[in-house]
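Report on the structure given below.
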Amino acid sequence: MKTGISGQLLRRAAIPLGRSAKSRARPVAVAHVHHLRFSAAAAPSPMLKKALQEKAANQPPPPKPLAKQFFPLSSRAPAGGASQPKRGSSIMDMMRKPPAKPSSTTTEPVQSGSRNSVPRPPTRVPDGRAFAAMYGNSDPFKDPPDVISYFDDARALSNTSCSNIVSASSVYFAEEDFSDDENLDLDFQAPIALPPLPRPQPRPAAVNKYDPHPPSNTSALSWSQSSPSHYVPPKRQPAPDLQQTAKRDSPVDAESTSQVAKKPKRELPKSWAKPQREASPEVVEVSAPRASMSDAKWPWNRSFSELQAEKRMKLKMQQKTSTARQTGTPAAANTKPTTSKAAPISLSNEQRHVKNLVVEKGQSVFFTGPAGTGKSVLMRSIIQDLKKKHARDPERVAVTASTGLAACNIGGMTLHSFSGIGLVQVCV
Ligand SMILES: Nc1ncnc2c1ncn2[C@@H]1O[C@H](COP(=O)(O)OP(=O)(O)OP(=O)(O)O)[C@@H](O)[C@H]1O
């Protein structure tokens, strides 16, 4: 016959992992869950009853529950309710004094959290008769009674130790059990609040130094109202000097110009001064443009009359030398001819034919050919024969070319120079 109460005292040390050493050193509230197992016919022994009473008497007064402190609105139902056992009463007394309501009454489940937590569906609380039916001569084929489990641990125990269960005598809440309720939507105002924002200071009105009539503080101007300075006609400023720069004078520029004006004129030291020449009336430097000899020797830089005079002089010199050779004068014999003899060139048949047409027959001939075929050689031979033919009147032979380079090649002159047009220096 089982007379005792086989109970288990489950202690759950509420020391969460990851906490600081300070929090670990604090006294830990312990949740006591008495797991009772008895039979309906068994009666508690006097020793066990006495031990339970002593334990209840020696038990220190429970601290003020933190749930009551932080969640006053989510406290349990007042003591003495039908579903809430009185603190300090023994388990046996609770079992002997079933609640007034029948066993089928439904009560609100004990909620360890705040009222904001998700409500659980109501459960049935078995009374003494239900327990008697459970543990007495109960029919094993009947449906097992409902089971109350306040915690997951108890639920696990109920699963492991069949369906023989359960009652809660006293439930204490650990402080750390409410660590997850920090983000709950609370009804009371949070103690920590943001400081109030400072009031925006009114901005001082912008002072317009160009405004002769600044508005007073009392006069209110609308945004569409124009400034009184706009009604004043603008002052006429003196016309700026066109010779000066168009840049407006700034205060900085005015100061800089005054400083520049005050600076003395820079002068070279006296030791660097060059001895001044005494102006002599006899010496007068005339800077006349002189043509360089290199430029004057070219035929295109000389006029036609100059070239003709030069040719006459050459002819006179040739005549003198020839007469001296004929007379046998030694002085004349020593003189070298001014013109150098060209290398002996035998013209080809074609070249000779062209030469006869020009010199003998006096025809106008156009001859051409590829480069290096002897055109220039033929031209010089023709000019030489013509000059010999018209030796008495050399002006009848004029050697001209369209360009200066071509004229130099044949010892002639440009058409511009021959015709007296010259270089264009005056606008037409
Ligand atoms: N009949 C010739 N006998 C000997 N050498 C000649 C003869 N004809 C031309 N040459 C030579 O051929 C070369 C070219 O002659 P030349 O300068 O007269 O040719 P070109 O037709 O005038 O050339 P380009 O058209 O380039 O002026 C010269 O060196 C010249 O001495």
Side-chain angles (χ1 to χ4, degrees), residues 289-428:
R290 293 184 298 178
S292 61
M293 294 301 294
S294 59
D295 296 339
K297 68 179 182 180
W298 298 111
W300 52 82
N301 292 330
R302 291 178 292 180
S303 62
F304 180 73
S305 58
E306 292 176 356
L307 294 174
Q308 292 295 331
E310 185 180 358
K311 288 181 180 178
R312 290 171 188 169
M313 291 180 64
K314 289 181 180 179
L315 288 173
K316 290 178 181 177
M317 292 294 293
Q318 289 177 359
Q319 291 174 0
K320 288 179 181 178
T321 53
S322 61
T323 53
R325 287 178 182 174
Q326 291 176 0
T327 57
T329 308
N334 295 332
T335 56
K336 295 181 180 179
T338 54
T339 58
S340 60
K341 289 185 178 179
I345 295 176
S346 60
L347 298 178
S348 62
N349 296 329
E350 293 180 350
Q351 292 174 337
R352 206 177 299 115
H353 176 68
V354 173
K355 183 179 178 181
N356 288 330
L357 290 176
V358 175
V359 176
E360 300 298 333
K361 299 180 180 179
Q363 296 180 0
S364 296
V365 178
F366 174 76
F367 61 93
T368 183
T373 54
K375 298 185 293 294
S376 300
V377 171
L378 176 61
M379 180 63 70
R380 292 192 198 97
S381 177
I382 293 173
I383 294 171
Q384 188 177 6
D385 291 350
L386 287 176
K387 285 183 178 179
K388 289 180 181 178
K389 183 179 180 181
H390 303 282
R392 294 182 180 178
D393 189 6
E395 292 183 356
R396 296 185 63 178
V397 180
V399 182
T400 60
S402 59
T403 62
L405 187 60
C408 290
N409 192 17
I410 58 179
M413 63 181 66
T414 62
L415 286 172
H416 291 78
S417 179
F418 174 77
S419 61
I421 297 175
L423 299 176
V424 178
Q425 297 179 353
V426 182
C427 180
V428 176

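We number each residue from 1, following the sequence as shown. Just follow the structure's listing: the first ligand is 1, and inside any ligand the first atom is 1. Only a predicted model underlies this, so the values are computations on that prediction, with no experimental measurement involved.
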Pro370 neighbourhood, listing ligand 1 atoms whose heavy-atom distance to it stays under 4.0 Å: 21 (O)
Please name the pair of heavy atoms, one in Ala407 and one in Thr414, separated by the smallest distance, quoted to 0.1 Å. CB-N, 4.0 Å
Checking a contact table here: which protein heavy atom is nearest [atom], and how many Å away?
atom	value
atom 21 (O) of ligand 1	Lys375 NZ, 2.8 Å
atom 5 (N) of ligand 1	Ile345 CG2, 4.5 Å
atom 27 (O) of ligand 1	Ser376 OG, 3.6 Å
atom 31 (O) of ligand 1	Val377 CG2, 4.3 Å
atom 19 (O) of ligand 1	Gly374 N, 3.1 Å
atom 8 (N) of ligand 1	Gln351 NE2, 3.5 Å

Could you tell me if the side chain of Phe304 sits less than 4.5 Å from the side chain of Met413, heavy atoms only? yes
Any protein heavy atom < 4.0 Å from atom 11 (C) of ligand 1: no
Just wondering, more than 12 heavy atoms not from Phe367 lying within 6.0 Å of its CZ? yes
When you compare ligand 1 with [X], is there at least one nitrogen or oxygen pair between them that comes in under 3.5 angstrom?
X	value
Asn409	no
Ala371	no
Leu347	no

Derivation and outcome, side-chain contact (heavy atoms from CB on, under 4.5 Å), residues Leu378 and Lys375: CA-CA 5 Å; Leu378 176 61; Lys375 298 185 293 294; 5.8 Å; no
Note: Glu395-Arg312 ion pair, threshold 4.0 Å (strictly below): yes
